[in-house]
Structure formats: C-alpha cells, structure tokens
Amino acid sequence: MKSKKWWLLLLISGFCIGSTCGQVVTDLKESDWKGFKRHNFRLNGNAAWYAVPHTPLPGKPWVWRAYFPDWHTDMDSVLLSKGVYIAYINASDRFGHSGAVNLWDDFYNYLVTRQQFAPRPALEAVSRGGLYAYAWAKRNPSKVSCIYAEAPVCDFTSWPAGKGKGKGTPAEWKKLLHVYGLTEAQALQYPDQPKDNLEALASYKVPILHVIGLQDKIVPAEENTLVLVQNYVRNGGPATIIPMTRGKQELEGHHFPITDVETLAGFVYKNVLRKPQPLPAADFIHSYGNLDNLRFRIQHKEDVTVAFLGGSITNMKGWRDKVGRYLAERYPGTHFRFLNAGIPSLGSLPHAFRLQEDVLDKGRVDLLFIEAAVNDRVNGTPGTQQRRALEGIVRHALAANPAMDIVLMGFADEFKLSDYRAGKLPAEIGIHEDVARHYGLPFINLAAAVYARIAHKEFTWEDDFKNLHPSPFGQEWYADAIKTLLQTQLNGEAPRAAVAKKMPRPMNVLHYAKGSYVPVKKASAGNGFVWVPSWQPSDGAGTRPGFVKVPVLEGTAAGASTMLSFEGTAVGIAVVSGPDAGKIRYSIDGRPEQTADLYTQWSKGLHLPWYLLLGDGLKKGRHRLKISIAGEHDPQSKGNAVRIVHFLVNGR
C-alpha cells in the first residue's frame, strides 16, 4: 500500500528517474486514439503522448510525428496494427528552432531511456513539420531510421516568408522571426534550413520519402522538396519523391489525398525494423568523474570557456564544431567561448609543453577536452612519455584552475582496431584510461566503440569512417558519443557551488606538469645559427598553423651549434621538419653526445611541427643543452636544416 501511495505522489507531482533527471513528467492519463490506447502526459510542461499497439513488436519500434498529429492518420493506424508505436510532443510555434530541438531531445531521451523505446524512430513530417524533423535529424543522424514527409517545408524563406513562388503567411513569418531572434534580412540569409548541411545525415544513409502535390502553391515543391532531395542525393543520401496526383487538390494544392497507404506504411515499417539496432553509446563512456562544475556554471548562467586540446582530428572541421554548437543551442542562457587548441600532427608530449601558451594563457578554462591517442601511436611516442605527458597536462590544468572539468578521449585508428581484433588493449587507450581513473575524470573510449560497432555490423571502417581523419559520418558519430556524455552529466539539480578537485598523489613523479615553452631568444645565436623573426618556407612546401610566420632559431650548415641554459627535469625542442630537415647531435651538461634525426616520414612535402624530448629525469637544478648540426642527413632529405620554434622545459 505504501508503494502505491508513493507512486501516486510521483504521478501528481512529476518525477525524475535515471538519465531523464531534470525532465519533469506530469499529468499522466490514458485515452483512446483510433481504437488504440494512448498515454498522455506533460514533459516539462509540454503536452506529449504515445499510442500503444495492441500487440507491440519486440524492441518497441516507433514513429515520431513532428506536427499535425491528427492529419492523415491512415498510415499510423496501419503501423499500429503491425505493432509500431506512434509518439508526439507539442512544440508548436517554434518552427524547428533549437529550442524545439532541445525539447525533442528531452522527449527522445525519456522514451528511449525510461520507456525503452527503440533507439532509431522513423520521423513523420507534415508541412511545417519538415522544419522540426530535419532540424532534429541533422543534430541526431545516428538516431533516425527514416523520414517520411508530406509536402514538407524545407526552406522557411519559401513558407512562411513567401519570398519565392509561394504565397507565404505574414503572421507566421513574424512569429518565426521572433522565435529565431532574426531580422528579416538575417533570416533570408539563414544558412541552416532543412535543405542545407545534409552531409552527415546523408552519410548515415537515412532513407527519406517525400510525397508532394504538383499544384502546391503554399509550399511549392520546387522551392522545398526538390531542392532538399537534390542536395541530399548529391551527398549520397537515398531519397524518393512520389507526387500525389489523384483526388481533389485542396488549399491551393497543399492538401491532397494520400494514395497507396499500405506501400508508404511499408517503407516506414521496413526501416524502423532495420537491423542491427545500434549499441548504446553509454557503454563506452567511463564516468570516473563528473562534470558537476560545468553543470553549476551552466545552470547559474555563468560564462563558460570550453577548450579543445588535440591534433588534426580536433583541429579539422567536424566533431569539435558540432559539440560546440550543441552546447550553445542546448544552453542558450550561457555564453560559451570555444577555444580551438588543435594542431595537426601533435600528441600528448607536445600538448604538455604547449598547454600554458595555447590554452591556459587565454583565460579561465571551465571544460577541457583532451585528444592525443591517435598521434601518440602514429608519432611513435614512447609509453613512458605518454604517461608523464598526460598526467602533466591534467595536473598543470588543475593547478591553473582546480574547478576545471576535464574529459579524456581515445579516438580510433587502424592500429587500435588491429589491436582489438587481436584481443589486445591498445597501449595508448590503456594509458588514457589509467590517467582518467586516477584523477577521477570522464573517459570516452571511442576506439573501443568503433571496433565494437564494426563487429556489430553497424558500419565499416573502409566505407563509412574512411580513415583516422573521419568522414562526415565519423565526425558525426564522434560528436554523438560526446553529446551522450554531456547529456548524461549535465542533467539534474545544480550543485550548490563549483568545487575544487582534490589533487591525488602523482602516478609518476617525473610527470610534465611544469612543462612550458622557452623562447628561442633564450638560446645562443652565432656559430651558424641565426634568429629569424618571422620564418616561412621558400620551397613551396606546406606548413601548419602556429609554425609559420613565427620566430625561429635556424641553422642550415653542418657544424652550426647553439646552447641553452635551463632549469628543470626535462628538456626538448619543437622544430619545423620539412623537406630539408637534418640531423642533430646534442649533449646535456657535457655528457656523451647523442644523435636525433629531424626528418620524418611526412617531411617530403610538409614543414610539420615535430617535438623531441632530448633529456628526461634530470636532477633538479640548472643544466646546459648543447645542439650541433650533424654532417650527415636522411637520404630523402634535401639538406641539414634545423629550425627550432620552441625549446621545451619541464620546471624552469
């Protein structure tokens, strides 16, 4: 009896369970819909419902109606009779704006996590419902099985603006401008209509089917469906258009009878049952720590800086932009500043020494994403250096801001997939996870997730991901995994305050937490080395941002030498290694000389940044590093050039 009273209290007051915490569900009641039971409720105050089949199919496949849920319901009745659920949430008068998409995210999470609905619904969009369905699908392409649309709006400058062949609806256009916070001039240049930016959705091969009226003067097909489908097909997406030409065409051709309902229902039915269903993204997220401080700042509408520290996978257009856009749209009351600290070719060792200049000197950072596992493998960074570098990054960051939240991520490459196939944990992944566990930080094992999903036959590396620099499919997939972490961590009541993290004992006392750049001006010039205030190549080879038009200590002739006096336990150099990169001989404190080759497998056509640690585990105190240019060089190199952009010192 007590449990019944407790349950009734939850129904009256609203409840918050599991990962839906922060979503208030109230006013639960049942009704009849087309002869089927319908569960009605309010989600965060918004009316919502789902209709239940008489004999539900396993896995609870479902169709999500975007708008006008009582219009042309014959197909829904067919699908319900086949065991498919129908669901709807009222987001009226939001015209597909991110506020509506946020509400849709909440509805999706409630149905999938609390009600165990299938993870990939079919979207059913009628008229202006196209604005909603495509906005949500483009944010969540991995969560869509197919899209069925009837005369959908695919460009709001057509409807409601009426700036083309369509008549438009001035009152609705005024509402839309208000919701989006745009002037008419800005809205007419809006770059993300349903017809735009379809690359990610197309890469997931989400089938779309539009039925249209050829006489439609409200939402003309040539300004809407025909443009969207052309763009979608151009990006490799599967699309079908079926004109509805039989029967009376009403409302200036915008309303038309739907013929062959069974065939259209078959399209939806086949796709909502498409196998395999994806593995849960949460399975590969290890919450050794939380993002409570970020949640506090967001819920108290403080300014937030998010920094992305990584290599080319971070720097390139893709997951970073998508995660930034998601945060800005999901939490419009917070002003976000996004700092791109991604530099191609760099891994954990460079990150440890450039963290101060490239990240911490830019102001307070509240959330730091760290990506290094791919370049650590490709660059051949020794495991000991990886551990000391990653630990150093974390300790250095927390020393600068003890309330900083940090996320470690292990991205995928062919080597890691091979390790998993051989039953081995990739070394870089193990190191990342060890550091995350020790310091109580969230860790996303994206490499394991890619391997598991390939084995589950969700996609292939060759056709979908393409390579370690992901295709639009892979970028979207990475972003979706990271968004899952954010959705999980940022729900619920706000903490009372941001809390400083307790610094545990170091895993390795020789970590690089005091790593930083030392300007090349600190070293001696002469003896064949000169300071170049703004170096750039004269051979036409490519460069990397931050390593061109910068001060460089340059020597090009064998025998040239330079010396640096420093204080610390580790020392190294960051050079630009191009087609003419040479070899160096170096010694510390007069010890026997060692040799290092600055030419890399990528140097033939690129002056890339290359970091070498020349001394590690040194005693505390002052030391002297001497570097000279060797007489020999790599057979593929065109010269003996040594161009030092930064000296690296741990603890000066």
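Residue numbers start at 1 and run along the sequence shown.
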Response to the item:
By ring pair (Phe, Tyr, Trp, His ring centres under 6.0 Å), Tyr232 pairs with (sequence neighbours left out) none

Using ring centroids (six-membered ring only for Trp), state whether [Y] and [X] fall under 6.0 Å.
X      : Y      : value
Phe117 : Tyr85  : yes
Phe338 : Phe336 : yes
Trp477 : Tyr204 : no
Phe107 : Tyr88  : no
Tyr478 : Phe465 : yes
Tyr148 : Phe267 : no

I'd like to check [X] versus [Y] (side-chain heavy atoms, cut-off strictly below 4.5 Å). Are they in contact?
X      : Y      : result
Ile86  : Trp62  : no
Tyr439 : Arg395 : yes
Phe41  : Tyr50  : yes
Met404 : Asp366 : no

Could you tell me whether [X] and [Y] have a side-chain N and a carboxylate O separated by less than 4.0 Å?
X      : Y      : value
Asp434 : Arg437 : yes
Asp405 : Lys501 : yes
Asp192 : Arg325 : yes
Lys322 : Asp480 : no
Arg337 : Asp303 : no
Lys466 : Asp464 : no
Arg453 : Asp283 : no

Is the number of heavy atoms from other residues, nucleotides or ligands within 6.0 Å of [atom1] ([X]) greater than 12?
X      : atom1 : answer
Tyr180 : OH    : yes
His300 : NE2   : yes
His456 : NE2   : yes

Can a side-chain donor-acceptor contact be found between [Y] and [X] if the only test is distance below 3.5 angstrom?
X      : Y      : answer
Tyr132 : Arg94  : no
Asn315 : Asn340 : yes
Ser312 : His469 : yes
Asn46  : Asp106 : no
Ser348 : Asp376 : yes
Thr334 : Arg297 : no

Worksheet item: Under the side-chain hydrogen bond (donor to acceptor under 3.5 Å, both in side chains) criterion, do Arg139 and Asn102 qualify, and how do the steps go?
Response: CA-CA 10 Å; Arg139 181 190 279 187; Asn102 293 339; 2.9 Å; yes

Discussion item. Nearest 0.5 angstrom please: His351 NE2 to Gln386 CD, how far?
Written reply: 11.0 Å

Practice prompt. Take Asn379 and Thr381 through the side-chain hydrogen bond (donor to acceptor under 3.5 Å, both in side chains) test and state the conclusion after the steps.
Written response: CA-CA 6 Å; Asn379 294 347; Thr381 307; 5.1 Å; no

Practice prompt. List the steps and the verdict of salt bridge (Lys or Arg N to Asp or Glu O under 4.0 Å) for Arg496 and Asp292.
Written response: CA-CA 10 Å; Arg496 294 183 178 180; Asp292 281 357; over 6 Å; no

Discussion item. The test is side-chain hydrogen bond (donor to acceptor under 3.5 Å, both in side chains); show your working for Gln356 and Asp361 and say whether it passes.
Written reply: CA-CA 6 Å; Gln356 185 67 48; Asp361 286 348; 2.6 Å; yes

Worksheet entry | Closest contact, heavy atoms only, Asp155 versus Gln193 | OD1-NE2, 3.3 Å

Fill in: Phe308 and Trp319 aromatic ring geometry - parallel, tilted or perpendicular at 30°/60° bounds
perpendicular

